[in-house]
Amino acid sequence: MNDSNLDAEKRLAAEAAAELVEEGMTVGLGTGSTVAHLLPAVANRGLIGIRCVATSVATSEQARGLGIPVEEFDSLERLDIAIDGADQIAPDRWLVKGGGGAHTREKIVAAAAERFIVIADSSKTVERIAAPIPLELHAFGLASTLARLGAELGEVAPRPDTPPSPDGGVIADLRGDVGDPAELAARLSAIPGVVDHGLFPPAMVAEVLVGRGNAVERA
């Protein structure tokens, strides 16, 4: 499938998700090319009283440019809904996120939401989760953290020519066999120096909207 068809699928999924946002809601806005279609779809609805937080500077700037109110995430404890894309979506709803390096903030926002809605084009659906798995690592002690990750889990390397995360972390990728995503997620979370990883568990996901052809599949 060519890029224009995939872009049309992204727009379909994003527009369907925008219809889930209601007046007065607190809303988490994700990051990436599919969310770039979500923002104008939300803005076009002219909703009154929504309060939004963004997971990246790019999303914040685009949203504000469209007239969507964005505030810091220190003034809200919970969100009614969060909407974001994904790099991989497995049939059991395990996700991989972090292609843009904002997965730590994305996970914080998703966990704070009553409903986390995932939007994607059909190329993001996979039979099973596979490498690479994005990581955010502390800059402090980076060589030690990389050595431990490599010894315990396989090849890990900082992403070349990639700026730090929004909070100053080093973006890296874990390669090799993923195996059980739940087991790998637990092992990654237990290693000091790992800020967070791009594995998102099914329990976090309320609904998945996938653009496929001229329709939106809901799961």
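What you see below is based on every heavy atom in this structure, not just the backbone, and it leaves out hydrogens, waters and symmetry mates.
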message: Go through it in stages, so that I can follow the logic: the residues are Val156 and Leu135, the test is side chain to side chain contact (heavy atoms under 4.5 Å, CB included), and I'd like the CA-CA distance, side-chain angles, deciding distance and then a yes or no.
response: CA-CA 9 Å; Val156 179; Leu135 306 175; 3.9 Å; yes

field: Check against side chain to side chain contact (heavy atoms under 4.5 Å, CB included), Ile89 and Val118
entry: CA-CA 9 Å; Ile89 305 171; Val118 179; 3.9 Å; yes

message: What verdict does the salt bridge (Lys or Arg N to Asp or Glu O under 4.0 Å) test give for Arg218 and Glu207, after you've listed the backbone C-alpha separation in whole Å, the side-chain angles of each residue and the deciding distance to 0.1 Å?
response: CA-CA 7 Å; Arg218 297 173 182 262; Glu207 189 172 10; 3.3 Å; yes

query: Yes or no on side chain to side chain contact (heavy atoms under 4.5 Å, CB included) for Leu184 and Leu199, after CA distance, side-chain angles and deciding distance?
result: CA-CA 9 Å; Leu184 177 58; Leu199 290 164; 3.9 Å; yes

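Between the Ser122 side chain and the Leu6 main chain, no donor and acceptor come within less than 3.5 Å of each other. The closest donor-acceptor contact from the side chain of Glu136 to the backbone of Asp196 lies at 3.5 Å or more, if one exists at all. With hydrogens and angles disregarded, a donor-acceptor distance shorter than 3.5 Å links the side chain of Arg45 to the backbone of Ala18. At distances below 3.5 Å, at least one donor-acceptor pair connects side-chain atoms of Lys107 with backbone N or O atoms of His197. At distances below 3.5 Å, not a single donor-acceptor pair connects side-chain atoms of Arg175 with backbone N or O atoms of Ile133. In this structure, the side chain of Arg115 does not engage the main chain of Ala206 through any donor-acceptor pair within 3.5 Å. Side-chain atoms of Ser165 never come within 3.5 Å of backbone atoms of Gly101 as a donor-acceptor pair (strictly under, hydrogens ignored).
Under 3.5 Å, the side chains of Arg64 and Ser60 contain a donor-acceptor pair of N or O atoms.
Shown are Thr59, Asp167, Thr31; of these, the side-chain hydrogen bond (donor to acceptor under 3.5 Å, both in side chains) with Arg105 is made only by Asp167.
A salt bridge does not link Asp87 to Lys124: none of the charged side-chain nitrogens sits closer than 4.0 Å to a carboxylate oxygen.
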